Amino acid sequence: MEVTGILVKMETELKAPENGGDGIARYFLRIGDERLGLNKYLDHEIQLLYRNEIRCIHCGRLTKKSYGQGYCYPCFISLPETDACIIRPELCQAHLGISRDMAWSEEHCLQDHYVYLALSGGLKVGVTRRSQVPTRWIDQGARQAIILAKTPNRHLAGEIEVALKAHLSDKTNWRLMLTREAPEEIDLIAVKHNIRDKIPEDMQGYYFDDDRLTNIRYPVKRYPEKVKSLNFDKNPAVGGKLTGIKGQYLIFFDGSVFNIRRHSGYLTEITIK
Ligand SMILES: [Zn+2]
C-alpha cells in the first residue's frame with residue numbers, strides 16, 4: 001500500500017478490556033484523507049518518505065519550517081492553541097477574561113481540568129482537560145495513570161501542578177518511555193495519598209477522591225535497548241520493520257524511532273508492505 005499526503009498527529013483510542021484487564025491503545029495514522037488502523041501492521045515493513053513540503057495544519061499555507069508541531073509562523077503567534085498556557089497551564093488567564101480568543105478559551109480553558117499522576121518514562125505529574133482523557137495519557141505513552149485533582153479551569157490545575165513540581169517531574173522522559181514498558185513497582189495510589197498534603201491549603205478542596213487507575217497496554221512487540229530518534233529535517237527517508245507504537249512514536253526493529261506528531265504538516269509518502 002502507498003499513500004501520500006499531509007501527516008498529522010496519530011488518532012488514538014483505548015479499547016476497553018473484555019474481562020476487566022488493561023485497555024489496549026489503538027492507533028490510527030492520519031495522512032491526507034486516509035485514516036489507517038496501524039496496530040495490524042506490526043511486523044510489517046513501513047517506509048516514510050519526506051516529499052519536501054510543509055503546510056500549516058491550521059491554514060494550509062506553505063511554510064519553510066513548522067512551529068509548535070505543525071503551524072506556520074503567523075498562526076503560531078496568534079492562535080489560542082499555540083499560546084504559552086498550552087505548555088504552561090499556570091499562565092492561562094482565560095479565567096480573567098484574557099486570551100487570544102475567548103470563544104476558544106471558553107471551550108478549552110474554562111472547562112474541567114485534571115491534575116494527574118502517570119507512569120510513562122518515569123513518574124510524572126501533568127495537567128489535561130477532562131475531555132482529553134485518556135488521549136493525553138496515550139500520547140505520552142503512560143502505562144498507568146490516576147487523577148489527583150479536578151478543577152473548574154486550566155489555570156487552577158496549573159497552579160496545583162506548579163506546587164507539585166518541587167516533588168515530581170512534569171516531563172515525559174521519552175527515551176525511557178520507548179525502552180521499557182514502565183518504571184518498576186511504583187504504587188501510584190500510594191504516591192497520590194502521600195503527595196496529597198503538598199497541594200496548597202487553599203486548593204485542597206479540588207482533591208479527587210476516586211482512586212481508580214487507568215491501565216494502558218501498547219502495541220509493542222519488542223522494546224529496543226537504545227533508541228535513535230530520526231526526523232525528516234535530517235533524515236528524509238525513515239522506516240523498517242515496525243516493532244511497536246507508543247506515545248506518538250513508531251518504533252522500528254533497528255531501534256530507530258519516529259515521532260509522528262512532531263511531523264504534523266509534512267507532506268509524506270508512506271509505503272506499507
Ligand atoms: Zn497557518
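Model, not experiment: these values are computed from the prediction. Both counts, for ligands and for their atoms, begin at 1 and track the order of listing.
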What ring pair (Phe, Tyr, Trp, His ring centres under 6.0 Å) pairs are there with at least one residue in residues 170-213, not counting sequence neighbours?
Tyr114-Phe208, Trp174-Tyr249
Going by an N to O cut-off under 4.0 Å, is there a salt bridge joining Lys241 and Glu45?
no
Got a donor-acceptor contact below 3.5 angstrom from the Lys246 side chain to the Met177 backbone?
yes
Protein-side N, O or S atoms sitting under 2.8 Å from the Zn ion (ligand 1) are Cys56 SG, Cys59 SG, Cys72 SG, Cys75 SG
Arg35 to Phe28 six-membered ring, cation-pi geometry met (6.0 Å, 45°)
yes
Is Asn52 close to Leu267 at the side-chain level, that is, under 4.5 Å between some pair of heavy atoms?
no
Measure up the Phe232 and His263 rings against each other and bin them: parallel (under 30°), tilted (30 to 60°), perpendicular (over 60°).
perpendicular
